[in-house]
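Heads up: numbering here begins at 1 and tracks the sequence. Every value quoted in this text rests on a predicted model; they were computed, and no experiment measured them.
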Amino acid sequence: MVASPRARRLAPWARVFALGSLLHLTLPDFDQPGWTAPALLELAGALWLLARPSPWAFALCGASTLWPLLALRDVLTQSALLTVYAAIGVAGALGWRDALSGARLVTAATYALAALHKLNTTFFDPAYGCADHAWRQVVERMPPLGALPLPDGALPLLAVGTEAALAVAVWRRSRWMWPLGIAFHLPLTVTLAPAFAGVMFIGYAAAVPARDWVRLRRRARRHPLRLLGWGLLAGAVDAALAGGVPDGAAWLKVVAAGALLAWTLPLLRAGRPPRRSAGRAARLLAVGWVLHGLTPYVGVQYQHTAAMLSNLRIDAGCHNSLVMPESLRGADPYLRIDAASIGAGARPEREARVEATLWNIAALHTMRRNWCIPELRPIRFAGTWRGRPFEIADLCAPGWLDALPGAERWPPGFQRFQKNLLRICPTACVH
């Protein structure tokens with residue numbers, strides 16, 4: 001059976017989406033209790049998409065990432081992004097002609113939001129900033145890189161500048177997104193963000209013109225061994241810098257990145273890509289994603305907003321954005337527990353940790369599930385929330401949430417705010 005023009009146009013992107021989904025499945029999150037069923041859904045949807053771009057396959061993948069977001073305290077932006085991509089895929093498979101523009105604009109917006117969130121005082125502090133922290137992780141893996149003469153303050157500027165450049169490159173469909181994106185993501189892939197590059201490259205694929213897909217397909221068919229050789233060369237360089245292969249999975253990703261770079265680099269000689277303006281629906285989708293990404297500054301949520309590895313703080317006393325004023329946020333959305341009593345003082349170390357940490361409603365739901373055993377009751381908390389004092393006589397009692405008047409009844413498994421966030425500031429590399 002001959003595939004329809006719509007299916008042929010969507011098929012390369014659907015396969016890249018499937019590969020990104022399979023890479024997402026390698027995250028350690030899936031080793032947690034309750035994640036097996038979402039993993040099987042994502043696996044089934046991804047394998048289906050490798051064959052053809054069915055709306056049902058995209059729907060399976062969307063359900064598989066939405067489930068952990070709503071019920072399993074998934075905090076990752078990439079999971080939210082995969083859910084949006086899946087919804088775009090469903091619409092595209094059903095006939096939305098501008099689906100790829102929607103995915104491209106959402107990807108560009110993600111980079112722009114990530115750069116915006118990093119414009120804070122702590123990110124630019126080398127003692128605490130995530131850019132310097134990530135580089136220390138890279139040097140630990142590849143010690144010879146520590147000899148590079150990096151100017152003071154260069155890493156945070158380089159990170160923000162690269163993300164801004166990637167936002168523009170993806171938005172304009174520039175072929176430079178491939179070498180720039182690989183150079184930016186590869187160090188993170190082998191250290192702190194093992195699957196994020198694969199998810200972001202789904203958006204890159206949405207920006208590839210049809211003619212470029214023809215060039216890429218031809219190159220893969222004509223020179224598979226050459227591409228593999230470049231990948232193995234990248235792996236050899238990585239092993240030499242690391243003094244061996246410290247992590248087989250990470251090393252394979254380096255090999256894949258080398259092959260991907262060799263595969264896409266010749267596109268730079270193909271001239272400027274054709275311009276294609278996005279339709280209204282695609283632009284509205286991107287605007288919605290941007291508004292969602294700005295929710296930390298109004299105190300609605302922090303997670304899932306491209307604030308990963310940004311050091312951004314929105315809590316009272318630690319607000320650090322250089323761009324967004326604290327007045328936008330209103331009341332502090334975090335719970336501050338000033339006095340904790342667990343089992344009448346049976347766990348003093350745990351009580352001290354509770355008092356030193358910022359909390360949120362979803363975290364208290366998790367605490368109830370993990371801590372509410374007879375020998376630890378009652379669990380008493382007193383503190384402030386939204387600028388008002390509260391007192392929970394027993395967290396394990398059925399009506400505990402009534403002590404927090406006005407608390408939104410979000411799904412207990414939806415993690416809107418950071419967990420394990422210390423009340424002191426600054427703190428090192430807040431995710």
May I ask you to check whether over 12 heavy atoms, not counting those of [X], lie within 6.0 Å of atom [atom1]?
X	atom1	result
Trp171	CH2	no
Arg369	CZ	yes
Arg136	CZ	yes
Arg172	CZ	no

Using salt bridge (Lys or Arg N to Asp or Glu O under 4.0 Å), reason through Arg329 and Asp315 one step at a time and then give a plain yes or no. CA-CA 9 Å; Arg329 189 205 60 225; Asp315 48 301; over 6 Å; no

Could you walk me through whether Thr264 and Tyr204 pass side chain to side chain donor-acceptor pair (under 3.5 Å), step by step? CA-CA 11 Å; Thr264 56; Tyr204 290 34; over 6 Å; no

Minimum heavy-atom separation for [X] to [Y], with atom names?
X	Y	result
Leu49	Ala18	CB-CB, 3.9 Å
Asp132	Pro156	OD2-CG, 3.8 Å
Ala207	Arg173	O-NE, 3.3 Å
Ala159	Phe184	O-CE1, 4.2 Å
Trp251	Gly235	NE1-O, 2.7 Å
Glu163	Ala115	OE1-N, 3.3 Å

Where do Phe201 and Trp178 land on the ring-ring contact (aromatic ring centres under 6.0 Å, His included) test, with the steps shown first? CA-CA 9 Å; Phe201 288 167; Trp178 290 108; 5.7 Å; yes

For Phe414 and His304, what are the C-alpha separation, side-chain angles and deciding distance, and is it a ring-ring contact (aromatic ring centres under 6.0 Å, His included)? CA-CA 11 Å; Phe414 183 51; His304 324 117; 5.4 Å; yes

Describe, in one word, how the ring planes of Trp13 and Phe17 are oriented to each other, choosing from parallel (under 30°), tilted (30 to 60°) and perpendicular (over 60°). tilted

Just say parallel, tilted or perpendicular for the rings of His24 and Phe30, cut-offs at 30° and 60°. perpendicular

Scan side-chain atoms only and decide if [X] and [Y] contain a donor-acceptor pair under the 3.5 Å cut-off.
X	Y	answer
Ser101	Asp98	yes
Tyr334	Gln418	yes
Thr295	Tyr302	no
Ser79	Asp74	yes

Determine whether the aromatic ring centres of residues Trp400 and His365 are separated by less than 6.0 angstrom. yes

